[in-house]
Novice: 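Have a look at this one.
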Amino acid sequence: MKRAFLWLALSACMPSALVAETTQEVVNKAPNGLALTPPMGWNSWNKFACNVNEQTVRDTADAMVSSGMRDAGYQYVVIDDCWHGPRDANGFITADAQKFPSGIKTLADYVHSRGLKFGIYSDAGRLTCGGRPGSQGHEYQDALTYASWGVDYLKYDWCNTGDRNAQEAYAVMADALRQSGRPIVFSMCEWGTAKPWLWAKNTGNLWRTTGDIFDSFDKQDDAHKSWAHTVVEIVDLNEPLWSHAGPGHWNDADMLEVGNRGMAPNEYRAHFSLWAMMASPLMAGNDVAHMDEATRSILLNKDVIAVDQDKLGVQGHRVWKDGDREIWLKTLADGGVAVLLFNRGQQAATISATANQIGWPAKERVRVRDLWAHRDVRLRRGALTATVEPHGVAMFRLFRL
Ligand code: GLA
């Protein structure tokens, strides 16, 4: 009783910033209110890796406007690894002067002038995965720097972290961002190692659930197998986590490979549709300034985007599987449902979702939209049937009438 009184008296006369918080208190803080639907945008890594520079970022921002991507919802322009120069004498991070001669603030201002938001990358260890300075020991200083540059989104990686505890490390940066005073989406990238879906709901807005994607539908190879995954491998790792996602806190199946030329158009349509069904962030990873029409038609499919961005925030999941044939459902805010028929096989396959599997009451009137053919179709005896191309999908939305 006495100790409680003393603590109250002490904290009353202490400036609030001086009242120490335990890690657990920081972890339990309310979420930041951002990313109420899965973040959409572009990230430099999948296409440009360490070859990113300010001209590429400007060209991409311009192309996101002229292609219609911005108006379709792609919002964040995120520079991934390798933008950093050294820390200055006071420990402040600087930009690589060769690649970003105008500095990050000027670039962020340019991105904002195009009606887009700006994101950047750091790492919870001493060095990033690309060997640039990480934020360990500089978290609050870096968050203030990002805020002063106008950063709206931070991707925070997990290389070179030694024996750091992930929950603690991400909580520290979440707190630093919060205290910077600027709303900054926090994208956690620790590859699912410490199962962030179990503890990070109030820490990050999205968390990667797997190692890195590479531009392959289902062919794994020796060069990638220790750290990178095909599209179907990611699908199988991310799908079971569906119950942990929701508004403000998403399972991140990694950036898109659509348009990077390693897959056929049917495979990219399947990749994009599965990400939308899983309410994954949709971060384009291609060269937007030079994309072809096939790529544009996938990334700009507004009906599929609407499924991803549905306000209910339910991550869709598989409800039936028979060999290579699968049925997926995602419940939507308007009382309707998105249905995906997925064919993993190398031959075309007929897939039929019965009324029971779709869970649509027999008496309920319905309008069914084919989201890739862009036309209305009919249910036959309450079932939805399609011949699905190899490595392909048919995707539908059922509206209550
Ligand atoms: C890790 C991340 C990737 C990318 C690279 C950059 O591999 O998972 O998404 O950010 O680092 O070095």
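Counting convention: from 1, in listed order, for ligands and their atoms alike.
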Novice: Using a strict 4.0 Å cut-off to heavy atoms of Arg208, name the atoms of ligand 1 that fall inside it.
Specialist: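 What qualifies from ligand 1 is 8 (O), 9 (O).
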Novice: Number the atoms of ligand 1 from 1 as they appear, then name those within less than 4.0 Å of a heavy atom of Cys129, with their elements.
Specialist: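 What qualifies from ligand 1 is 1 (C), 11 (O), 12 (O).
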Novice: Verify whether the ring centers belonging to Tyr76 and Phe118 lie closer than 6.0 Å.
Specialist: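 No, the ring of Tyr76 stays outside the 6.0 Å limit from the ring of Phe118, centre to centre.
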Novice: Near Cys189, which atoms of ligand 1 are under 4.0 Å from a heavy atom of that residue?
Specialist: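 So the answer, numbered in order with elements, is 2 (C), 8 (O).
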Novice: Looking at Arg369 and Asp376, is any side-chain nitrogen of the basic one under 4.0 Å from a carboxylate oxygen of the acidic one?
Specialist: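 Salt bridge: yes.
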Novice: How far is atom 12 (O) of ligand 1 from its nearest protein heavy atom, and which residue and atom is that?
Specialist: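 I find the closest protein heavy atom is Asp81 OD2, 2.8 Å.
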Novice: Looking only at the aromatic ring of each residue, does the gap between the centers of Trp242 and Trp250 stay below 6.0 angstrom?
Specialist: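 Trp250 vs Trp242: aromatic centres not under 6.0 Å.
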Novice: Would you call Lys302 and Asp71 a salt bridge, using N to O less than 4.0 angstrom?
Specialist: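 No, this pair does not count.
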Novice: Please write down residue, atom name and distance for the protein heavy atom closest to atom 4 (C) of ligand 1.
Specialist: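 For atom 4 (C) of ligand 1, the nearest protein heavy atom is Asp80 OD1, 3.4 Å.
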Novice: Salt bridge or not between Asp123 and Arg132? Use side-chain N to carboxylate O under 4.0 Å.
Specialist: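 Salt bridge between Asp123 and Arg132, a charged N being under 4.0 Å from a carboxylate O: no.
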Novice: Is it true that Asp152 and Arg182 make a salt bridge, defined as a side-chain N closer than 4.0 Å to a carboxylate O?
Specialist: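 Salt bridge flag = yes for Arg182 with Asp152.
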Novice: Note the single closest protein heavy atom to atom 7 (O) of ligand 1, along with its residue, its atom name and the distance in Å.
Specialist: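 Ranked first by proximity to atom 7 (O) of ligand 1 is Asp212 OD2, 2.7 Å.
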Novice: If you measure from each heavy atom of Trp227 to ligand 1, is any distance below 4.0 Å?
Specialist: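 Contact check Trp227 vs ligand 1: negative.
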Novice: Quick one: does ligand 1 sit under 4.0 Å from the side chain of Trp191, the backbone, both or neither, non-hydrogen atoms only?
Specialist: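 The answer is the side chain of Trp191.
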Novice: Name the closest protein heavy atom to atom 9 (O) of ligand 1, giving the residue it belongs to and the distance to 0.1 Å.
Specialist: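 Sorting protein heavy atoms by distance from atom 9 (O) of ligand 1 puts Lys155 NZ, 2.8 Å first.
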Novice: Can you tell me the protein heavy atom closest to atom 5 (C) of ligand 1 and the distance?
Specialist: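 Nearest neighbour among protein heavy atoms for atom 5 (C) of ligand 1, to 0.1 Å: Trp45 CE2, 3.6 Å.
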Novice: Report the nearest protein non-hydrogen atom to atom 11 (O) of ligand 1: residue, atom name, distance rounded to 0.1 Å.
Specialist: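 Of every protein heavy atom, Asp157 OD2, 2.8 Å lies nearest to atom 11 (O) of ligand 1.
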Novice: Between Arg344 and Asp236, does at least one N-O distance fall below 4.0 Å, as a salt bridge requires?
Specialist: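 Salt bridge present between Arg344 and Asp236.
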Novice: Can we say Glu139 and Arg164 salt-bridge, meaning some charged N sits less than 4.0 Å from an Asp/Glu carboxylate O?
Specialist: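 Salt bridge flag = yes for Arg164 with Glu139.
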